[in-house]
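Below: one structure, written as structure tokens.
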Protein chains: 2
Amino acid sequence: MANRFTDKLSALASFSAEDFAALTEATAYARPVSAKTDLIREGDRPGPVFVILEGWAYRYKILRDGTRQILAFLMPGDSCDLHAGLLAEMDHSIQTIVPSVVATIERAEMDALLDEHPAIARAMYVAQLVDEGTMRAWITSMGRRTSIQRAAHLMCELYVRATSIGLSLDGVVRFPLSQLLLADALGMTPVHLNRVLKELRERGVMTLSRGSLSITDANQLLSIAGFDENYLHRRLRSA
Amino acid sequence: MANRFTDKLSALASFSAEDFAALTEATAYARPVSAKTDLIREGDRPGPVFVILEGWAYRYKILRDGTRQILAFLMPGDSCDLHAGLLAEMDHSIQTIVPSVVATIERAEMDALLDEHPAIARAMYVAQLVDEGTMRAWITSMGRRTSIQRAAHLMCELYVRATSIGLSLDGVVRFPLSQLLLADALGMTPVHLNRVLKELRERGVMTLSRGSLSITDANQLLSIAGFDENYLHRRLRSA
DNA sequence: CGTGTCATTGAACCGTATCAACTTTAGTGG
DNA sequence: CCACTAAAGTTGATACGGTTCAATGACACG
């Protein structure tokens, strides 16, 4: 039976019925996780591979002075730490944002899966490469974009990703990220982010409110962000 | 015969004599590349895997307005794009900084190497995971550290990495990065970086001049940076 | 020995943080 | 179902870190 994870991966490589079945079985046992609970913490020894089937989560680091930097948002279908088991300890933490459903694949099972199903391995590598591209885009945003450009860019990314897994309808996305989370992702103050969102709202570009993001002028949003979706690698290499 | 790449990888996994020989052979044919030449550009179709045997290079993106963001520095032993061949096009460019020696491994050869030598595959995955950890550290720096902390943090990273491949002696590293490059990596203005470096110099922390970085008060540097080398994953997971 | 690149310094300006208050929304238990 | 409380969002005033613009100095290279 298909789930968010099999949907995502099967779009990244061509799966046989066996590949699909193996992947489905590996993620069959999922558990509900309540909001704001850490799946794993910085310093922990990496455990199983986590797969978000429903809900949202985020990767983050806490600095010595207590400030937080968010490193990535995880949406349904996203997984973490394909090979993190090779490392001695985690260099960041992962926490759910809303009540979620999370499957865990033990390392041994994951290794067997990758070994016996090259198409799955291929799909998971592609997913990881896209995540890396996303990190590079974040570095670029933080280093060289103003706060309004940066906010617009993140909204573009999240909108494209959410849309590609069917979370949006007519330019409106169910979107559970608070201004505090977004500010910690964008490297700015919640106060300032609030003003930036106000500006975008007043310019008629987009509105963020009560758990939903609605994009009213996509062209303007793209142009403010300087968004080029290249880095999300949605065009796959033809075999 | 050992080279920078075999040295690095063999520290990340336990190689048999065969593994080592195969890796050596794959990187046997290297070519000199002059300074400031692109190895590959954003938008290109990914080609072979590049391995920097001597010299320095950097990953970067150019934005629409012409500004540049540097995403990573590559030192001898570093390689790029283990699996990038799975993607349709590059999302960033790579350029040499100084005259360098670069080996190229064709995709087919790389695939065979990973296939037939699990230890090599393991070592290369670890190297990639470390690169990812480094990207997360950069995002954190850009988002939540002041310019002086950020500069100090990058210096810590580069010092540790350079030292681990034998590029330093008594706290002094050969270091070919101009202030312009560093500023584009740190997301600030060359003018401001210059003032930051002056501050670090006057505090007796470190001096950067004419191709060498000399650290005069390592403790103070670490403390300004809030540096925790965890993310470089130098402690490996014991089998 | 010129010429271009990199480094350095000063002055003025602006984007974002900080601090503080207040409003709104969501969650919880009586 | 309402009352209370905590969390999230909003707005204003002020401070400061970092940019911008401009000019000069110091090397390195052809």
Side-chain angles (χ1 to χ4, degrees), chain A residues 34-36 56 58 63 65-70 95-99 141-154 174-202 206-214 224, chain B residues 34-36 56 58 63 65-70 95-99 141-154 174-202 206-214 224:
Chain A
S34 49
K36 297 190 188 182
W56 290 58
Y58 65 105
L63 304 210
D65 63 3
T67 56
R68 174 177 65 174
Q69 176 63 46
I70 291 179
Q95 182 171 106
T96 54
I97 294 168
V98 289
S141 267
M142 307 278 260
R144 290 292 180 229
R145 281 192 249 260
T146 64
S147 56
I148 193 168
Q149 295 171 334
R150 208 153 70 236
H153 199 274
L154 180 59
R174 286 211 63 236
F175 194 84
L177 307 182
S178 69
Q179 293 185 7
L180 215 157
L181 283 169
L182 290 170
D184 278 348
L186 293 166
M188 54 197 189
T189 293
V191 173
H192 190 59
L193 174 65
N194 184 276
R195 293 192 237 265
V196 166
L197 292 176
K198 183 182 179 189
E199 166 93 21
L200 287 169
R201 198 185 322 127
E202 287 175 350
M206 49 155 276
T207 307
L208 180 61
S209 63
R210 269 178 312 172
S212 78
L213 166 68
S214 97
I224 292 170
Chain B
S34 49
K36 298 191 187 181
W56 290 59
Y58 65 105
L63 304 210
D65 63 3
T67 56
R68 174 177 65 175
Q69 178 61 46
I70 290 178
Q95 182 170 105
T96 55
I97 295 168
V98 290
S141 268
M142 307 277 262
R144 289 294 180 227
R145 281 192 250 261
T146 63
S147 56
I148 194 168
Q149 295 171 333
R150 208 154 71 236
H153 199 274
L154 179 60
R174 286 212 62 237
F175 194 85
L177 307 183
S178 68
Q179 293 185 6
L180 214 158
L181 283 169
L182 290 169
D184 278 347
L186 292 166
M188 54 198 196
T189 293
V191 173
H192 190 59
L193 174 65
N194 184 275
R195 293 191 238 265
V196 165
L197 292 176
K198 183 182 179 187
E199 166 91 23
L200 288 169
R201 199 186 320 127
E202 286 173 352
M206 48 155 276
T207 306
L208 179 60
S209 62
R210 270 176 312 170
S212 80
L213 166 68
S214 98
I224 291 170

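Chain letters run A, B, ... following the sequence lines, proteins first, then strands; residues in each count from 1.
Residue Leu193(A) holds its CG atom at 8.5 Å from OG of Ser147(A), rounded to the nearest 0.5 Å. Rounding to the nearest 0.5 Å places OG1 of Thr207(A) at 10.5 Å from CD of Glu202(A). For the atom pair Thr67(B) OG1 and Asp65(B) CG, the distance stands at 3.5 Å (nearest 0.5 Å). Note that CD of Gln149(A) and NE2 of His153(A) are 10.0 Å apart. Values are rounded to the nearest 0.5 Å. Interatomic distance, Leu197(B) CG to His192(B) NE2, rounded to the nearest 0.5 Å: 10.0 Å. In this structure, Ile70(A) CD1 and Ile97(A) CD1 are separated by 6.5 Å, a value rounded to the nearest 0.5 Å.
Shortest non-hydrogen contact noted between Arg68(A) and Tyr58(A) is NH1-OH, 2.8 Å. Nearest heavy-atom pair across Val98(B) and Pro176(B) is CG1-CB, 3.5 Å. Contact record, Leu180(A) with Pro190(A): CG-CG, 4.5 Å, taken as the closest heavy-atom pair.
Residues forming a side-chain contact (heavy atoms from CB on, under 4.5 Å) with Ala152(A) (at least two apart in sequence, or on another chain): Leu221(A), Ile224(A), Ala225(A).
Screening residues 144-153 of chain A for salt bridge (Lys or Arg N to Asp or Glu O under 4.0 Å), with sequence neighbours left out, gives Arg144(A)-Asp184(B).
In terms of phosphate contacts, Lys198(A) brings a side-chain nitrogen or oxygen within less than 4.0 Å of OP1 or OP2 of dT11(D). When the side-chain nitrogen and oxygen atoms of Gln179(A) are compared with OP1 and OP2 of dT10(D), one or more of them lie within a distance under 4.0 Å.
The closest donor-acceptor contact from the side chain of Thr96(A) to the backbone of Ser34(A) lies under 3.5 Å.
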Go through the steps to decide whether Gln179(A) and Val196(A) satisfy the test side chain to side chain contact (heavy atoms under 4.5 Å, CB included), and finish with yes or no. CA-CA 11 Å; Gln179(A) 293 185 7; Val196(A) 166; over 6 Å; no
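Using a 4.0 Å cut-off on heavy atoms, the residues of residues 185-195 of chain A that approach DNA chain C are Gly187(A), Met188(A), Thr189(A), Val191(A), His192(A), Arg195(A), listed by number. Within residues 144-153 of chain A, no residue has any heavy atom under 4.0 Å from DNA chain D.
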Grab the N/O contacts between the protein and nucleotides 22-27 of chain C below 3.5 Å, and write none if there aren't any.
none

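In the helix from dC1(C)-dG30(D) to dG30(C)-dC1(D), the end axes, each obtained as the rotation axis mapping the C1' atoms of four pairs onto the next four within a five-pair block, lie 60° apart to the nearest 10 degrees.
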